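Note that the structure is a prediction, hence the values are computed from the model and not measured.
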Amino acid sequence: MLNVMSAVYFLLVIAFLIVRVRRGGFKALVLKTLASLTFIAMGRTALTMSFDNFRYGIFIVIGLFFGMLGDVFLDLKYAHKKYEEKYTFAGMISFLIGHLLYIVAILATYTKFVPWQIAFAIFCATLVGTINHFLSKKMGMKYGKFETLTFVYSITTMMTVTFSLNAMNMLGLFPLINGEPAPESLPRYITMFLGTVLFAISDLVLSFVFFKEGENKARNVILNHTIYYTSQFVLVLSILM
């Protein structure tokens, strides 16, 4: 079942990209929504197939739902130019909530985190997010009314990466180095880490499309969505691990 859904998912993504680049408009929005609904359905199916990971998987699935809302809002901005700012704010906030849910998923399933690990993950994310925001402005990004939100969003995105990296190291890689056996949940955190890195890269490309003049080009749109939808697929796979 999941194999069939995966095939449908990627066919919908390809169809969306073709329509989005050639025409855009309502048809692109419908295809994008269908693709997003499919990755939510895939997440739900993965959850039923790996019920032992319920505490982790349920937050991933809810995060995917907010990702779908973000998808819809960000494409609505092209369909209704009059409400472009409102839809952009709504889309970014939806994705922000999704990232927070991914962090909760990690914390819910990996209970060995201690305060210093959490503080270190937040510190690293804040440092990288701040540097990224500073450099992006030097590269010509013009955030305007979205400056504060993009700054917070950048840090939150990096937190998903640092939390999953921290969990992966503490739970699996460091023990392996010490000669201990790999825990069963290590593949989950490796997959989660890869998914969050891909998500962060797609957000970086999207920031060029949205906030740098002249970068809303077909190649960037294709690159952004290809990486983004791959990240969603990888996050779904992490539920099965």
Consider only side-chain heavy atoms of I, L, V, M, F, W and Y, link residues closer than 4.5 Å, and tell whether [X] and [Y] are in one cluster.
X	Y	answer
Ile60	Met49	yes
Phe16	Leu11	no
Phe233	Ile14	no
Leu127	Leu135	yes
Ile40	Val30	yes

Does Phe66 form a side-chain contact (heavy atoms from CB on, under 4.5 Å) with Leu96? I'd like the steps, not just the answer. CA-CA 9 Å; Phe66 278 96; Leu96 179 65; over 6 Å; no

Can you list the steps and then say if Thr130 with Phe151 is a side-chain contact (heavy atoms from CB on, under 4.5 Å)? CA-CA 7 Å; Thr130 301; Phe151 179 62; 3.6 Å; yes

Checking the side chain of [X] only, and the main-chain atoms of [Y] only, is there a donor and an acceptor separated by less than 3.5 Å?
X	Y	value
His133	Gly129	no
Asn224	Ser202	yes
Ser154	Thr150	no
Ser238	Met192	no

Nearest 0.5 angstrom please: Ile106 CD1 to Thr160 OG1, how far? 7.0 Å

State the CG-CG distance between Leu12 and Leu17, to the nearest 0.5 angstrom.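 So the CG of Leu12 and the CG of Leu17 are separated by 11.0 Å.
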
Quick one: sort the [X] and [Y] rings into parallel, tilted or perpendicular, breaks at 30° and 60°.
X	Y	answer
Phe39	Tyr229	tilted
Tyr102	His99	perpendicular
Phe89	Phe146	tilted

Apply the test side-chain contact (heavy atoms from CB on, under 4.5 Å) to residues Arg20 and Lys27: give CA-CA distance (whole Å), side-chain angles for both, the deciding distance (0.1 Å), then the verdict. CA-CA 8 Å; Arg20 172 71 170 79; Lys27 288 184 178 179; over 6 Å; no

Are more than 12 heavy atoms, taken from residues, nucleotides or ligands other than Tyr228, located less than 6.0 Å from that residue's OH atom? yes

